[in-house]
Amino acid sequence: MKVGMIGCGVIAAQYLATFGHLPDVELVAVADLDVSRAEAVAAQHEGVRALSVDELLHDAEVDTVLNLTIPAAHAEIDLKAIAAGKHIYSEKPFAVTTEEGQEVLAAAKEAGVLVGSAPDTVLGTGTQTARAAIDEGLIGLPIAATATMVCPGHERWHPQPDFYYKPGGGPLLDMGPYYIHALVTLLGPVASVIGAASRARDTRTIGSGPRAGESIPVSTDTHVTGVLVHESGVLSTLVMSFDAVATSIHPIEIHGSQGTLAVPDPNHFAGEVSIRRLQGEGWEVLPVSAGYEGASRGIGLQDMAMNDEQLRASGRLGQHVLETMNAVLESAHSGIRVDIASTCERPDAVALTALAPSGS
């Protein structure tokens with residue numbers, strides 16, 4: 001897979017650190033609206049060319065576009081890449097509106113190209129070990145789940161946090177993909193949702209970088225809670241907040257008839273999975289039993305290259321999660337339960353896999 005990366009901002013560094021460990025993926029070109037950022041990346045990576053966005057989209061060597069632009073540009077860039085005959089892999093969220101995401105999938109189907117979507121953290125040993133425990137029946141029949149992310153806001157550390165507080169941002173569309181992708185991977189697709197939301201204040205103050213002290217407007221909900229009704233009947237309770245300080249509960253808990261699983265932070269690839277059994281005494285840590293070992297951001301591209309007929313971090317999953325999130329916000333504003341029109345396959349499990357070093 002010959003990858004052209006569009007967007008050389010903060011998140012790009014994590015992908016750049018991964019490419020050398022992906023045996024079937026090669027970064028060949030980068031682009032950014034700030035040409036100097038693309039040139040700086042290219043200068044630090046042998047064989048990588050700095051191009052304009054349009055040049056990269058039409059470059060003959062590039063077969064897959066990695067879209068790391070801001071959320072508002074995801075669908076636009078994806079559609080241009082598809083029109084140029086490229087496969088695409090988009091950072092989360094898959095798009096801003098559900099309709100945009102549908103347009104991307106329809107265009108890709110007509111063009112016959114693959115569509116992948118972050119987050120690929122669900123392919124790591126943390127979520128996959130929990131998935132294996134559920135599939136093995138260690139907690140009996142899954143009944144309910146909780147997914148909780150609480151922090152005081154990204155403007156405290158991000159030097160350009162504006163997009164976090166616009167439509168397409170907020171805690172749900174920014175952090176929610178990690179949690180809901182994990183919930184769908186663990187428990188299957190969502191059938192309907194009920195939501196509620198609030199906004200603590202109308203401005204935020206940037207805490208770092210050259211704009212430190214500058215106030216930015218807030219035009220999206222910053223505390224969102226909801227119940228996801230999975231097709232299986234499992235009820236997942238979601239809390240996503242940029243307004244509170246912290247929480248001491250597990251990021252995700254899966255409650256079953258015979259036990260409860262504590263699942264590690266879905267923003268990371270690894271972490272301890274613990275179980276409290278009905279007949280047990282206290283929590284016990286489960287051994288790592290599934291997932292890509294030592295994975296980092298970009299492993300979804302490797303999985304895409306290896307399993308192009310059954311993508312795990314797929315655009316269909318990204319679109320289903322996007323629709324679910326937007327439905328939670330719709331329900332929050334209308335006070336009415338919202339059905340989810342789309343569905344997706346529960347992604348295939350990942351066997352415990354150690355990737356071969358690059359070039360081996």
Side-chain angles (χ1 to χ4, degrees), residues 5-17 30-41 44 53 66-77 90-97 100 118-119 121 147-180 197-225 238-248 251 265-268 296-298 322 325-326 328-329 332-333:
M5 184 176 77
I6 300 179
C8 298
V10 173
I11 194 64
Q14 296 185 46
Y15 282 87
L16 290 168
V30 294
D32 194 283
L33 290 178
D34 183 342
V35 177
S36 65
R37 291 204 299 194
E39 290 175 341
V41 169
Q44 295 170 10
V53 172
L66 171 59
N67 184 356
L68 304 186
T69 59
I70 61 171
H74 284 178
E76 177 187 358
I77 294 296
S90 176
E91 246 305 321
K92 53 78 190 169
F94 186 58
V96 171
T97 70
E100 286 177 341
T121 46
T148 308
M149 191 291 303
V150 172
C151 75
H154 291 353
E155 77 279 4
R156 294 164 57 88
W157 58 268
H158 198 294
Q160 303 288 343
D162 307 68
F163 69 94
Y164 288 121
Y165 296 100
K166 296 178 180 179
L172 184 58
L173 265 74
D174 177 54
M175 298 300 294
Y178 297 108
Y179 291 78
I180 303 177
S198 63
R199 190 180 311 174
R201 52 194 187 276
D202 294 326
T203 62
R204 296 275 175 150
T205 301
I206 300 175
S208 65
R211 298 171 62 197
E214 179 183 336
S215 292
I216 58 174
V218 175
S219 56
T220 193
D221 294 316
T222 49
H223 184 99
V224 183
T225 187
L238 189 74
V239 176
M240 300 282 116
S241 183
F242 281 170
D243 289 339
V245 176
T247 178
S248 61
D265 188 342
N267 192 13
H268 301 298
S296 52
R297 219 166 289 262
L322 173 66
M325 294 188 296
N326 281 327
V328 169
L329 294 175
H333 298 151

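Annotation: salt bridge (Lys or Arg N to Asp or Glu O under 4.0 Å) contacts of R156 (sequence neighbours excluded): none.
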Open item on the list: With side chain to side chain contact (heavy atoms under 4.5 Å, CB included) as the criterion, how do V10 and Q160 come out once you've worked through the C-alpha distance, each side chain's angles and the decisive distance to 0.1 Å?
Closed with: CA-CA 9 Å; V10 173; Q160 303 288 343; over 6 Å; no

Open item on the list: Between Q14 and I11, is the side chain to side chain contact (heavy atoms under 4.5 Å, CB included) condition met? List the steps.
Closed with: CA-CA 6 Å; Q14 296 185 46; I11 194 64; 3.7 Å; yes

TODO: Kindly determine whether M149 and N267 satisfy side chain to side chain contact (heavy atoms under 4.5 Å, CB included), including the steps that lead there.
DONE: CA-CA 10 Å; M149 191 291 303; N267 192 13; over 6 Å; no

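Annotation for A75 and A95: closest pair CB-CB, 4.3 Å, computed over non-hydrogen atoms. Across every non-hydrogen atom of Y164 and F242, the tightest pair is O-CE1, 4.2 Å. Taking each heavy atom of T220 and V218 in turn, the nearest pair found is O-CG1, 3.5 Å. What you find for S198 and D243 is that their closest heavy atoms are O-OD2, 4.4 Å. Closest of all the heavy-atom pairs between H223 and S241 is ND1-OG, 2.8 Å. When all heavy atoms are compared, the tightest approach of I180 to L172 is CD1-CD1, 4.5 Å.
Within the 4.5 Å cutoff, no side-chain heavy atoms of D265 are placed close to those of T121. For the pair L329/L173, a side-chain contact is recorded, criterion being any heavy-atom separation below 4.5 Å from C-beta on. Taking 4.5 Å as the limit, every side-chain heavy atom of P217 sits out of range of all side-chain heavy atoms of Y165. Counting heavy atoms from C-beta on, the side chains of R211 and D162 come closer than 4.5 Å. For the pair H333/D221, a side-chain contact is recorded, criterion being any heavy-atom separation below 4.5 Å from C-beta on. Looking at heavy atoms from C-beta onward, L16 lies in side-chain contact with M5 at the 4.5 angstrom threshold. Side-chain contact check for P161 versus R204: every heavy-atom pair is 4.5 Å or farther apart. Inter-residue side-chain proximity for E76 and T69 is flagged as unmet; no heavy-atom pair is nearer than 4.5 Å.
Checked against F163 for a ring pair (Phe, Tyr, Trp, His ring centres under 6.0 Å), the options H154, H74, H158 give a single hit: H158.
Between the OH atom in Y15 and the CG atom in L66 there is a gap of 5.5 Å [rounded to 0.5 Å]. Once rounded to the nearest 0.5 Å, the distance linking CG of D32 with CD of E39 reads 10.5 Å. Here the CD1-CD distance, from I206 to E155, works out to 8.5 Å after rounding to the nearest 0.5 Å.
Residue L33 places its CG atom among 12 or fewer non-hydrogen atoms of other residues, nucleotides or ligands, all under 6.0 Å distant.
Side-chain N or O atoms of T205 include none that pairs as donor or acceptor with a backbone N or O of E214 at under 3.5 Å.
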